[in-house]
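Position 1 is the first residue of the sequence, and the numbers go up from there. Not measured: the values here are computed from a predicted model. Side chains are part of it too, since the values below use all heavy atoms of this structure and drop only hydrogens, waters and symmetry mates.
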Amino acid sequence: MVIMKKVILKDAVYINPRRIINKGDLTPYIPMSNLEENKRKIQKVEEREYEGSGSRFMNGDILFARITPCLENGKTAFVDVLSENEVAHGSTEFIVFRGKEGVTDNLFVYYLARSDRFRRYAIKSMTGTSGRQRVQIGSIENYEFQLPSLDKQKRIAHILGTLDDKIELNQRMNQTLEAIARAVFKSWFVDFDPVRAKMAGEPYPLPDAVMALFPDELVESELGMIPKGWEVGKLGDFIKIFDSERIPLSRREREKRKGDYPYYGATKIFDYVDDFIFDGIFVLMGEDGSVITKKGYPVLQYVWGKFWANNHAHVLQGKNGFSTEYLYISLSQKNISPFVTGAVQPKLNQNNMKKIKVIKPNVKVLNVFEGYIQNIFKFIRYNQDILDPISNMLDLYLEKITL
């Protein structure tokens with residue numbers, strides 16, 4: 001029998017434990033933007049002078065976002081990127097948790113803070129004006145939950161940590177694979193490295209049969225110098241648009257229709273619902289013109305399987321020799337800001353999207369690249385499909401962790 005006792009948070013966990021940094025000290029700094037959604041690991045640490053305010057923490061502490069929408073989006077991280085006994089500081093919008101020695105395991109506390117049950121409790125307790133609501137310490141310190149023995153906590157944390165590690169490993173692998181595809185695309189179709197190598201009489205790391213497919217001359221075009229024999233076309237000639245099939249669902253409707261199918265918005269999955277609209281491989285590109293990077297690149301989602309999409313993302317597939325994968329890689333390196341209209345509500349409408357200029361390589365080069373990226377993205381989909389049941393298992397454990 002597993003012995004559990006009912007406790008409140010402040011009796012089992014230190015909340016904002018005392019950490020000393022002198023004003024003016026240069027220390028590691030972690031802003032809110034460096035926390036990824038539903039990710040344990042902190043990937044990036046900056047350095048900044050401590051000005052006398054903000055959260056302070058050490059290895060083993062947990063950073064919990066207390067402000068909307070960061071809390072709702074799952075920004076909770078476990079600090080393990082500092083040197084021994086080093087104290088760092090970060091956003092004022094973090095609440096810092098730490099387990100009490102002999103009472104709670106730090107990693108268990110992390111998964112407690114990340115659980116949907118705790119997050120829902122914290123969200124309901126938020127106060128403040130719309131759009132700037134925050135969790136107050138007094139609102140969560142009396143959160144009540146069942147606390148297992150310390151040994152049981154460590155076993156639970158080990159299981160959840162192992163699942164998390166597998167998810168992170170596969171995600172890093174997919175990021176690497178996609179980065180390779182982007183790099184090859186840029187080399188072939190943006191920088192024209194094989195063509196330039198042939199022009200200069202220099203070697204390039206491709207088989208002779210593939211190099212023979214590239215021309216050895218660049219010519220003027222609407223988009224500047226491009227390989228001879230290649231063309232400039234419009235995006236509309238190479239995409240199928242499925243926007244007319246999108247159906248938005250309000251948050252209330254989604255709450256009533258909870259299910260297994262992802263509900264996509266302009267940049268991410270918002271929910272899971274009980275039905276789907278689309279089934280296949282697609283690219284989602286934000287219709288809201290503000291959803292672009294600082295360089296003007298669109299924020300894209302490469303999605304597959306059965307899903308629902310709202311009306312904030314264009315739903316696209318490739319056609320006429322351009323695969324959906326080629327479309328995804330190509331658009332990810334395209335500055336679309338000149339095609340966004342509207343000062344108050346910027347938007348990339350369908351007509352302007354179709355006008356985006358793209359380079360059309362010769363068919364033989366395109367076919368070689370298509371074969372290359374199809375293998376890469378097949379592996380990416382395989383990796384992600386392995387992750388889905390692991391993620392579901394992790395979510396199930398998190399839901400039951402202190403019931």
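A donor and an acceptor atom, one from each side chain of Gln133 and Thr68, are nowhere located under 3.5 Å apart. No hydrogens or angles considered: nothing links the side chains of Asn351 and Lys355 as a donor-acceptor pair under 3.5 Å. Ser187 and Tyr204 are linked by a side-chain donor-acceptor pair at a separation below 3.5 angstrom, with hydrogens and angles left out of the test.
The environment of CD in Glu47 is crowded: more than 12 heavy-atom neighbours from other residues, nucleotides or ligands sit within 6.0 Å. By the neighbour-count criterion of 12 heavy atoms within 6.0 Å, atom NZ of Lys268 is densely surrounded, having more than that number from other residues, nucleotides or ligands. Around atom CD of Gln345, no more than 12 heavy atoms belonging to other residues, nucleotides or ligands sit under 6.0 Å away. With a 6.0 Å radius and a threshold of 12 heavy atoms from other residues, nucleotides or ligands, Asp260 has its CG atom at or below the threshold. Counted within 6.0 Å of NZ on Lys319, heavy atoms from surrounding residues, nucleotides or ligands total more than 12; the atom is thus considered enclosed.
The line from OG of Ser149 to CZ of Arg155 is 6.0 Å long, rounded to the nearest 0.5 Å. Between atom CG of residue Leu147 and atom CG of residue Asp11 there is a gap of 10.5 Å, rounded to the nearest 0.5 Å. Rounded to the nearest 0.5 Å, atoms CG (Leu331) and CD1 (Ile356) are 6.5 Å apart. Rounded to the nearest 0.5 Å, atoms CD1 (Ile386) and CE (Met173) are 8.5 Å apart. Atom CD1 of Ile239 is separated from atom OG1 of Thr324 by 10.5 Å, given to the nearest 0.5 angstrom. For the atom pair CD1 (Ile167) and CD (Gln384), the distance works out to 9.0 Å, reported to the nearest 0.5 Å.
The backbone N or O of Asn352 lies less than 3.5 Å from a partner atom in the side chain of Asn349, making a donor-acceptor pair. For Gln153 (side chain) and Val103 (main-chain N/O), a donor-acceptor pair under 3.5 Å exists by modelled atom type. Looking only at distances, no side-chain donor or acceptor of Arg56 sits under 3.5 Å from a matching main-chain atom of Arg18. Distance alone, capped at 3.5 Å, is enough to place a donor-acceptor pair between the Arg246 side chain and the Ala313 backbone. Put simply, the side chain of Lys357 never gets that close to the backbone of Val232: no donor and acceptor are under 3.5 Å apart. For the pair Asp80 (side chain) and Gly60 (backbone), a donor-acceptor distance under 3.5 Å is absent. Arg196 places a side-chain N or O within donor-acceptor distance of the main-chain N or O of Asp191, the cut-off being under 3.5 Å. Judged by distance alone, the side chain of Trp308 and the main-chain N or O of Ile247 form a donor-acceptor pair under 3.5 Å. Side chain of Asn174 to main chain of Ile380: a donor-acceptor pair is present (N/O by atom type, distance under 3.5 Å, no hydrogens or angles). With Ser391 contributing its side chain and Leu387 its backbone, the two residues share a donor-acceptor pair below 3.5 Å.
Contact check for Arg48 versus His89: side-chain heavy atoms found under the 4.5 Å cut-off. Proximity of Ile281 to Phe377: side-chain heavy atoms (C-beta onward) are nowhere separated by under 4.5 Å. Two residues are said to be in side-chain contact when any heavy atoms from C-beta on lie closer than 4.5 Å; Lys334 and Leu235 fail this criterion. No side-chain heavy atom of Pro148 sits under 4.5 Å from any side-chain heavy atom of Gln146. Looking at Tyr372 and Ile180, their side chains come closer than 4.5 Å, going by heavy atoms from C-beta outward. With contacts defined as side-chain heavy-atom distances shorter than 4.5 Å, the pair Ile62/Leu112 does not qualify. Using a 4.5 Å cut-off on side-chain heavy atoms (C-beta onward), Met285 and Leu316 make contact. Looking at heavy atoms from C-beta onward, Phe97 lies in side-chain contact with Ile15 at the 4.5 angstrom threshold.
Between Tyr326 and Phe185, the gap from one ring centroid to the other is short of 6.0 Å. For Phe118 and Phe64, the gap between ring centers is short of 6.0 Å. For an aromatic pair to be called close, the ring centres must be under 6.0 Å apart, and Phe189 with Phe369 satisfies this.
Closest heavy-atom contact between Ala113 and Thr76: CB-CG2, 4.1 Å. Annotation for Lys234 and Lys354: closest pair CB-O, 3.4 Å, computed over non-hydrogen atoms. Between Tyr121 and Ser139, the shortest heavy-atom contact is CE2-O, 3.4 Å. Closest non-hydrogen pair, Glu46 versus Pro31, comes out as OE2-CG, 3.5 Å. Minimum heavy-atom separation, Pro28 to Leu82: CB-CD2, 3.8 Å. Ser55 and Ser91 get closest at one heavy-atom pair: OG-O, 2.8 Å.
Between Phe278 and Phe242, the ring-plane angle classifies as perpendicular under the 30° and 60° cut-offs.
The salt bridge (Lys or Arg N to Asp or Glu O under 4.0 Å) analysis of residues 376-392, with sequence neighbours excluded, yields the pairs Glu325-Arg381. Sorted by first and then second residue, the side-chain hydrogen bond (donor to acceptor under 3.5 Å, both in side chains) pairs with a member in residues 94-106 read Asp61-Arg98; sequence neighbours excluded.
A cation-pi arrangement is present between Arg182 and Tyr328, with the terminal nitrogen or guanidinium carbon under 6.0 Å from the aromatic centre and inside a 45° cone about the axis.
Screening Trp304, Tyr261, Tyr263 for a ring-ring contact (aromatic ring centres under 6.0 Å, His included) with Phe276, the sole residue that qualifies is Tyr261. Partner of Phe282 under the side-chain contact (heavy atoms from CB on, under 4.5 Å) criterion, out of Tyr302, Phe307, Tyr264: Phe307 alone.
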Would you check, one step at a time, whether the test side-chain contact (heavy atoms from CB on, under 4.5 Å) holds for Phe192 with Met225? CA-CA 10 Å; Phe192 312 125; Met225 302 296 286; 5.8 Å; no
Where do Tyr272 and Lys258 land on the side-chain contact (heavy atoms from CB on, under 4.5 Å) test, with the steps shown first? CA-CA 6 Å; Tyr272 288 84; Lys258 288 290 186 183; 5.9 Å; no
Begin with the C-alpha distance, continue with both residues' side-chain angles, and end with the deciding distance and a verdict on side-chain contact (heavy atoms from CB on, under 4.5 Å) for Ile390 and Asn170. CA-CA 11 Å; Ile390 296 174; Asn170 278 35; 6.0 Å; no
May I have the step-by-step check of side-chain contact (heavy atoms from CB on, under 4.5 Å) for Gln43 and Asn34, ending in yes or no? CA-CA 7 Å; Gln43 300 294 341; Asn34 285 10; over 6 Å; no
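Ionic pairing of Glu93 and Lys75 is not present here: no N-O contact between side-chain nitrogen and carboxylate oxygen is shorter than 4.0 angstrom. The pair Glu168-Lys39 fails the salt-bridge criterion, with no side-chain N (NZ, NE, NH1 or NH2) lying under 4.0 Å from an Asp/Glu carboxylate O. A salt bridge does not link Asp193 to Lys186: none of the charged side-chain nitrogens sits closer than 4.0 Å to a carboxylate oxygen. Salt bridge Arg251/Asp271: absent, no basic N to carboxylate O contact under 4.0 Å.
Not counting sequence neighbours, the partners of Ile292 by the side chain to side chain contact (heavy atoms under 4.5 Å, CB included) test are Ile336, Ser337.
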